Amino acid sequence: MAAPDPATAEFVKHRNLLFTVAYEMLGSAADAEDVLQETWLRWAGVDLGEVRDQRAYLVRITTRQALTRLRTAARRRESYVGSWLPEPLLTAPDVAEDVALADSVSMAMLLVLETLAPTERAVFVLREVFDIGYDEIADAVDKSPAAVRQIAHRARAHVAARRPRQAVSATETRYALSAFQRAVETGDLQGLLDILAPDVVLLGDGGGVKQAVPRPILGADKVARLLVGGWARVAASTSWQPTLVNGHPALVVHLDGELDTVVALRIEDGRITGLYAVRNPEKLSHMTRETTLSR
């Protein structure tokens with residue numbers, strides 16, 4: 001079999017990195033795949049002899065395509081039915097081992113990134129996650145290096161005020177996940193109240209296709225009672241399985257043997273402060289196979 005041409009080989013070499021850049025900017029694996037297709041079409045027409053740094057050039061194309069899509073996606077999400085949550089990814093253990101990467105793609109962090117303006121999000125992702133230089137970022141977002149530094153400073157401050165207050169060990173996460181699963185499966189209201197933070201928030205994304213809470217549910221008592229009541233109605237036909245989603249332990253719910261919901265958690269000080277339940281079938285396609293992420 002003939003070896004791939006140089007352009008194809010270079011694209012394949014950096015594909016996982018480019019997908020991760022696009023996914024972190026968009027929160028959607030489907031949109032990220034579309035961005036990669038657009039990147040390839042543009043890359044295939046480039047004269048490689050004129051490209052000094054091929055990795056940087058590919059990242060630049062991907063960033064520009066993702067920015068265009070991000071701006072149109074923001075308008076689409078205004079008419080989205082119910083809460084919008086990022087698309088969950090089934091990830092391999094090596095993603096969890098890269099703490100910085102796992103933190104950057106967690107459901108909680110992706111929701112924080114949603115609060116940034118498109119250019120701020122691009123600058124933050126490229127600088128803080130991928131450690132790309134200001135000059136390269138400036139080329140990608142069509143700003144001066146000085147402007148990019150200011151944007152990066154502003155984005156860091158914005159994210160720092162909203163991200164989880166402390167790093168959580170894998171052991172703490174597994175304990176909280178196990179305690180939560182046990183309490184839900186047994187209908188243990190007090191067990192849920194013990195593991196949920198007083199100000200916990202539950203978000204559900206059904207996309208108007210599957211039933212989900214139409215707006216955020218706030219407070220441990222409300223969340224616990226909703227979960228216990230909902231589980232009691234479907235307990236006989238439902239199973240909960242722990243897995244790795246976006247680099248973090250999460251739960252996958254099967255109803256009558258079919259994938260129904262992915263539940264990601266945000267944990268602080270040993271308690272669950274956020275529950276993110278994705279039920280929209282269009283967002284569950286990347287839960288059937290592991291997605292490789294890369295920095």
Side-chain angles (χ1 to χ4, degrees), residues 19-20 22-37 66 69-91 95 104-115 118 121 177 180-181 184 200-218 222-223 226-227 229-231 233-234 237-266 272-291 293:
F19 175 85
T20 309
Y23 176 71
E24 293 209 22
M25 286 183 59
L26 295 163
S28 164
D31 283 347
E33 293 284 4
D34 287 344
V35 164
L36 256 63
Q37 181 65 23
R69 190 166 286 263
L70 183 59
R71 292 177 178 121
T72 59
R75 291 192 290 273
R76 291 202 313 269
R77 288 171 194 172
E78 291 176 357
S79 59
Y80 195 80
V81 178
S83 299
W84 182 92
L85 290 174
E87 190 173 339
L89 303 177
L90 182 66
T91 48
V95 175
S104 71
V105 296
S106 70
M107 296 289 275
M109 177 56 80
L110 289 174
L111 283 173
V112 172
L113 294 181
E114 281 292 310
T115 64
R121 184 167 184 169
L177 188 77
F180 174 77
Q181 179 182 355
V184 172
V200 64
V201 58
L202 166 65
L203 297 175
D205 181 344
V209 180
K210 288 288 191 75
Q211 184 178 3
V213 292
R215 60 187 62 85
I217 306 297
L218 303 172
K222 288 182 179 179
V223 171
L226 178 69
L227 290 171
W231 171 249
R233 291 193 295 272
V234 297
S237 55
T238 309
S239 66
W240 296 64
Q241 298 175 341
T243 189
L244 278 176
V245 172
N246 290 48
H248 294 269
L251 290 167
V252 173
V253 184
H254 287 84
L255 180 63
D256 294 323
E258 298 292 329
L259 175 60
D260 181 80
T261 310
V262 172
V263 182
L265 289 71
R266 172 172 172 162
I272 298 170
T273 60
L275 287 165
Y276 313 110
V278 181
R279 300 198 69 210
N280 184 349
E282 294 182 0
K283 292 188 175 183
L284 300 180
S285 62
H286 279 70
M287 290 300 300
T288 59
R289 64 189 185 281
E290 288 184 353
T291 297
L293 302 176

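Everything quoted here is computed from the prediction, not taken from an experiment.
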Look up atom [atom1] in [X] and atom [atom2] in [Y], then write down how far apart they are to the nearest 0.5 Å.
X    : Y    : atom1 : atom2 : result
E114 : M109 : CD    : CE    : 13.0 Å
Y276 : L110 : OH    : CG    : 10.5 Å
L203 : R266 : CG    : CZ    : 11.0 Å
L265 : L177 : CG    : CG    : 5.5 Å
L255 : S239 : CG    : OG    : 9.0 Å
L251 : L275 : CG    : CG    : 9.5 Å

Minimum heavy-atom distance [X]-[Y], with the two atoms named:
X    : Y    : result
A29  : E87  : N-OE1, 3.0 Å
G204 : V213 : N-CG2, 3.5 Å
T261 : A277 : CG2-CB, 3.9 Å
D31  : S28  : N-OG, 3.0 Å
P86  : M107 : O-CE, 3.4 Å
G247 : V95  : CA-CG1, 3.8 Å

Next item on the list: Flag the pair L259 / V252 as yes when at least one side-chain heavy-atom distance between them is below 4.5 Å, and no otherwise.
Entry: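 Yes; the side chains approach each other to less than 4.5 Å.
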Notebook entry, point to check: Do L202 and P216 come close enough that some side-chain heavy atom pair is under 4.5 Å?
Noted result: no
Margin query: For a side-chain contact (heavy atoms from CB on, under 4.5 Å) check, start with the C-alpha distance between E33 and H286, then their side-chain angles and the critical distance, and finish with the verdict.
Written below: CA-CA 11 Å; E33 293 284 4; H286 279 70; 3.8 Å; yes
Notebook entry, point to check: Crowded around Q241 CD? As in, over 12 foreign heavy atoms under 6.0 Å?
Noted result: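 Atom CD in Q241 is packed in, count exceeds 12.
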Checklist line | Sequence-distant partners of E290, salt bridge (Lys or Arg N to Asp or Glu O under 4.0 Å), two or more places apart | finding: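 Partners of E290 by the salt bridge (Lys or Arg N to Asp or Glu O under 4.0 Å) criterion come out as none, since no residue qualifies.
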Note to self: Give me each pair satisfying salt bridge (charged side-chain N to carboxylate O under 4.0 Å, His left out) with a member in residues 202-213, each pair once, sequence neighbours excluded.
What the structure shows: D205-K283, K210-D260
Check: Pick from V278, V262, L89: which one makes a side chain to side chain contact (heavy atoms under 4.5 Å, CB included) with M287?
Finding: V262
Check: Strictly by modelled atom types, are Y80 and N280 linked by a side-chain donor-acceptor pair under 3.5 Å?
Finding: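 Side chains of Y80 and N280: pair found under 3.5 Å.
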Checklist line | Exam field: side chain N246 to backbone P88, donor-acceptor pair closer than 3.5 Å | finding: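 It does not hold such a pair.
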Check: Does any N or O in the side chain of R121 come within less than 3.5 Å of the main-chain N or O of E24, such that one atom is a donor and the other an acceptor?
Finding: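 Checking the backbone N and O of E24 against the side chain of R121, a donor-acceptor pair under 3.5 Å is found.
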Note to self: Between F19 and T291, is the side-chain contact (heavy atoms from CB on, under 4.5 Å) condition met? List the steps.
What the structure shows: CA-CA 10 Å; F19 175 85; T291 297; 3.6 Å; yes
